[in-house]
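I have placed the structure first, in the form of structure tokens, so that the comments after it can refer back to it.
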Amino acid sequence: MAWKSLREWSEDLKDRGDLVVVDEPVSPEYEIAAYVKKSCEEEGPAFRFTNVEGHDMDVHAGFFAAKRRILEALGGETKKEAETNMVEASSDRIEPTLVDDGPVKEVIDTEPNLDEIPIVTHNEKDVGPYITSGVQVANLPHTGTRGQGIYRQLVTGKRELSLWSPEERRVGYAYRVNAEEGEPTEMAIVIGASPSVIFGSIANVGHDIDKYSVAGGLMNESVELVPGETIDVDVPAHAEIVIETLIHGDEKNPEAPFGEYPGVYSEQNENTPRVEVTGIMRREDAIYDTVLTGLPPNEDGMMNWIPRCASVRASAQQAVPNVNQVDVKIGPSGGNGVFQARVAIDKRLDGDPWNVISSVLGGRSQAKYCMVVDDDIDLDEEAEVDWAWETRVQPQRDVYTFPTMTGAPLDPSGPKRQAQKMGIDATIPMDEDSERYEPTRVPGKDDVEW
Ligand SMILES: Cc1cc2nc3c(=O)[nH]c(=O)nc-3n(C[C@H](O)[C@H](O)[C@H](O)COP(=O)(O)O)c2cc1C
């Protein structure tokens, strides 16, 4: 948990046989992504590629391809523990500490060239190489705090990128506001920071909260920051690489197609800004890292899993007092980590499931479907969820489709940013004899062996 960088975590994983070092030559175009895709399908290992064609720099990949590593990164033995840690870190925050120097300043390059970094092309029809693992940081004009998030960035030149960060995002909002004043926005792209900085940056907290402090809460230790070189943005001292940039919000730089977490390609986006690279700081032996997006199972869905579970729980708990488990479906058996929310409750009133469903579907998790089950169903057991859905649901009584609401930006099935949502009450009606729903059991099953 107290790893200061991805590198420290990777050493730990290697010692435990959960990171494979690949010394054979690999191409940054598709081949690294192919290893990660297979690992996502098998919940396999993370990788360090030491021989990337055309580059001297190593590449880390696949850290978030398996649920066990997501839990480990969040310091939880179980999903509930990881979720609790994420929630507690958002309230028991530890502010970062500014220091003068750190490993990320070993090399300072004011004549930057992105071609020197092995930025990976992931899916077949991606328009080009994308930075998918960067934690972007900017100072927010609307709150006066630092603002962090993970936003995809297409490489469009040796010193030029695009950026996809919609207006409700921290950095997306900041650059639009600054552009209205005729000003560019200074933004750092942090590569290879600690898992806590990475997960802190996708915590669902208000724009007035510096997410480095959430990372501090996760690590139980203050994150050390160093000032930027060509821009006035503070970055983690122990990161591998920091790309310093200016976002020119009034200049357009189209991006996409790009394979996104729902499993389809985003359409070309004309309305994305030009991002100019002003400098690069890095460790002497810096390691680039990448995250696989695209058809689930993928890594960004997997990274979304626990933060989305925390959002679903917060919404559900606002609706009823008795939330047991929550889950957002993701993994080799399906689900993209966002769209399918499940909640198990100790139902006391017949309307409880619908209070939960409307709160979750109207809440911040971006879930499109929400199923509520009784708390005898273990949401971690897909077969039990199926059984509840098969035996406790009468569709006309228990399934409801909501009118169009604001939805996830990347759902291809509806008009942009709109989604029709569906709730499923898979609980036993209060007035029915619960014996009708009793699961059959074969006595002695656990005692036999062959
Ligand atoms: C691997 C990965 C890639 C992501 N890419 C994007 C992206 O390109 N654009 C975006 O708006 N959000 C993206 N997200 C989601 C945001 O990073 C996340 O919602 C974050 O909390 C946004 O912070 P903000 O809403 O405070 O700006 C990505 C998340 C992950 C895990």
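Each ligand, and each atom within it, is numbered from 1 in the order the structure gives. For clarity, every value in this text was computed on a predicted model and none was experimentally measured.
Near S201, meaning under 4.0 Å from any of its heavy atoms, are these atoms of ligand 1: 20 (C), 21 (O). Against a heavy-atom cut-off of under 4.0 Å, V291 is close to the following atoms of ligand 1: 1 (C). For ligand 1, the atoms closer than 4.0 angstrom to any heavy atom of R170 are 24 (P), 26 (O), 27 (O).
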Derivation of the ring-ring contact (aromatic ring centres under 6.0 Å, His included) call for Y173 and H142: CA-CA 9 Å; Y173 187 80; H142 54 300; 4.4 Å; yes
Side chain to side chain contact (heavy atoms under 4.5 Å, CB included) between N324 and V343, intermediate numbers included: CA-CA 7 Å; N324 184 325; V343 183; over 6 Å; no
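At a 4.0 Å heavy-atom cut-off, ligand 1 touches T132 through the backbone alone. Residue-level proximity to ligand 1 for K211 is carried by the side chain, the only part with a heavy atom below 4.0 angstrom.
For ligand 1, the polar-atom distance check against W164 finds a nitrogen or oxygen pair separated by under 3.5 Å. Remark: ligand 1 and R152 share an N or O pair separated by less than 3.5 Å (distance only, no angle test). Considering backbone and side-chain N/O atoms, R169 comes within less than 3.5 Å of an N/O atom of ligand 1. At least one N or O atom of Y151 sits closer than 3.5 Å to an N or O atom of ligand 1.
Between Y130 and F258, the angle of the ring planes lies from 30° to 60°, which puts this pair in the tilted group. Relative ring orientation between F64 and W9 is described as tilted, the plane-to-plane angle lying within the 30° to 60° band. Relative ring orientation between F339 and Y261 is described as perpendicular, the plane-to-plane angle rising above 60° on a 0-90° scale split at 30° and 60°.
Ring centroid separation for the pair F47 and F63 does not come in under the 6.0 Å cut-off.
Considering only non-hydrogen protein atoms, atom 14 (N) of ligand 1 sits nearest to I150 O, 3.1 Å. In terms of protein heavy-atom proximity, atom 18 (C) of ligand 1 is closest to I202 CG2, 3.8 Å. Protein heavy atom nearest atom 1 (C) of ligand 1, with residue, atom name and distance: D300 CB, 3.2 Å.
Taking 4.0 Å as the cut-off between side-chain N and carboxylate O, R313 and E83 count as a salt-bridged pair.
Residue V104 comes nearest to P236 through the heavy atom pair CG1-O, 3.7 Å, listed as atom of the first residue, atom of the second, then distance.
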